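Take a look at the structure set out below.
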2 protein chains.
Amino acid sequence: MTETPGFRPLYQQVRDMFVRRIADRSWPPGEALPSEQALAAELGVSQGTVRKALDSLATENLVERRQGKGTFITEVTPARSLFKFFRIARPGGERLTPTSEEAATKRRRATRPERKALKLAGNEYVVEITRVRHVDGAPAIRETIAVPAKRFAGLDKRPIPNTIYALYQSDYGINVLSANEELRAVAAGPDDAKALGVAARTPLLEITRTAFDIDGRPIEWRRSRCDTRNLVYAVTLR
Amino acid sequence: MTETPGFRPLYQQVRDMFVRRIADRSWPPGEALPSEQALAAELGVSQGTVRKALDSLATENLVERRQGKGTFITEVTPARSLFKFFRIARPGGERLTPTSEEAATKRRRATRPERKALKLAGNEYVVEITRVRHVDGAPAIRETIAVPAKRFAGLDKRPIPNTIYALYQSDYGINVLSANEELRAVAAGPDDAKALGVAARTPLLEITRTAFDIDGRPIEWRRSRCDTRNLVYAVTLR
DNA sequence: AAGTGGTCTAGACCACCGA
DNA sequence: CGGTGGTCTAGACCACTTT
């Protein structure tokens, strides 16, 4: 076997196998994995190879390692899911906890940008969630969320919690792992002005997000408009 | 020796030593490091320990590893320094290469936000660079850059290239490794409107950046205002 | 004390690069 | 071909957690 083309390191093959088990929930969130030794024995590789695979999963936040205890499938707790993707902060960097109120849900056909972002066919349905989020008791963010109706059956007839990604995981078995956001400055329209309590034409920060699951499939499209007179969107570049 | 308090893994001590050598330029940018075997022999540790240290430097982009060739101190090339921190893109994600024109430099006392961000005393000087950056031939970004004058002697009497971080490295020995950015939406003032060719009060995306060197010291404060009618600021969240 | 992940070592072999 | 980093193994010991 001198063939080089299809070469793939052992630890990556092991890694792929673990990802599959997590994705199909044979290892459900919060569960402790077998020990490295046990996994190594099961797969017939060395402990070091299992470790390399688990380390790479840990850097992606798919698992958590706790010395002396074991390795655990990452669970989406409300606090974590909030801070992982919520980039709004006070100028200077202080973290914020928004509240969510007035959420309204609806089932309707996808719009064009939603079809494109969510890779939906022409006449498919989405569940739309609209809400205003408050910071320090004042309205600050107005957002519209759209998810494919076929993967979120009944979501339109259910109360919406503040941290919606925990709901995706607990009730629909969907893990939001990554997201792309595009930011631009726009002028507040009449509806924005009323919802956020600002003058019409006030500059707002518009954030358009597409969120992806463990398999890289688009799960959610979201557009938020933020009053950034007292808030900022904070980014760390490395 | 049952003491646990001052425990620090060997590979991290090795890593720290390498960082020091890079920071004080005993290993200048672009240079190939000794091989892992040679470093291991020099330090009296195993090759695996050296490897772990180098791997961690590689994930921070302090060094680059090239299989079959060696490990090299990362050099700030114009293209790289541009794309590492330049987050403006076309809607949909396509990368952009801006040009920079009309750069003007000035030496003056630091303003209050600059003193705070750059940790300067009350009456210290900065070099200010103002310029308008173009995309597709049209003005798109107006920015003001301030750096501590004492670390950038003569910068105010020198032409400013498009990719300024390559200049920081080559002429001042300063590596910009990370940066914080805060974004908000603002209304274009008269100067913005004129420089960018937009109507007054047009919503602009304002980006305030503080950049840091290898030792975590603030190196640069920068404020950019972008016309986002045809552009976006793109972020990937993991 | 027992079990987990974390560190460290030593050595073998593989893939990649350039002469 | 020789030298580099990349992978894989096997085993020892350390630090952390729970029993």
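Every value quoted in this text rests on a predicted model; they were computed, and no experiment measured them. First the proteins, then the strands, lettered A, B, ... as listed; each starts at 1.
- In summary, of the residues considered (A:Leu62, A:Val63, A:Leu57), a side-chain contact (heavy atoms from CB on, under 4.5 Å) with A:Phe18 occurs for A:Leu57 alone.
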Expected rows: protein N/O vs nucleotides 6-10 of chain C N/O, under 3.5 Å:
unit_1	atom_1	unit_2	atom_2	d
C:dG6	OP2	A:Arg65	NH1	3.4
C:dG6	N7	A:Arg51	NH1	3.3
C:dG6	N7	A:Arg51	NH2	2.9
C:dT7	OP1	B:Tyr11	OH	3.2
C:dT7	OP2	B:Lys52	NZ	3.0
C:dT7	O4	A:Arg51	NH1	3.3
C:dC8	OP1	B:Leu10	N	2.1
C:dC8	OP2	B:Leu10	N	3.2
C:dC8	OP2	B:Tyr11	N	3.0
C:dT9	OP2	B:Ser46	N	3.0
C:dT9	OP2	B:Ser46	OG	2.9
C:dT9	OP2	B:Thr49	OG1	2.2

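- When all heavy atoms of A:Glu75 and A:Arg80 are compared, the pair lying nearest together is O-NH2, 3.3 Å.
- Side-chain contact check for A:Glu181 and B:Tyr233: no donor-acceptor pair (N or O, by modelled atom type) lies under 3.5 Å.
- In this entry the distance linking CD of A:Glu64 with P of C:dG5 reads 14 Å, nearest Å.
- The number of heavy-atom neighbours closer than 6.0 Å to CG of B:Asn230, taken from other residues, nucleotides and ligands shown, is 12 or below.
- Taking atom CD on A:Gln37 and atom P on C:dG3, their separation rounds to 12 Å, with Å as the unit.
- Look at B:Lys69 and you'll find a side-chain N or O under 4.0 angstrom from OP1 or OP2 of C:dG18.
- Shown here for A:Pro34 and A:Trp27, the closest heavy-atom pair between the two residues is CD-CZ2, 4.2 Å.
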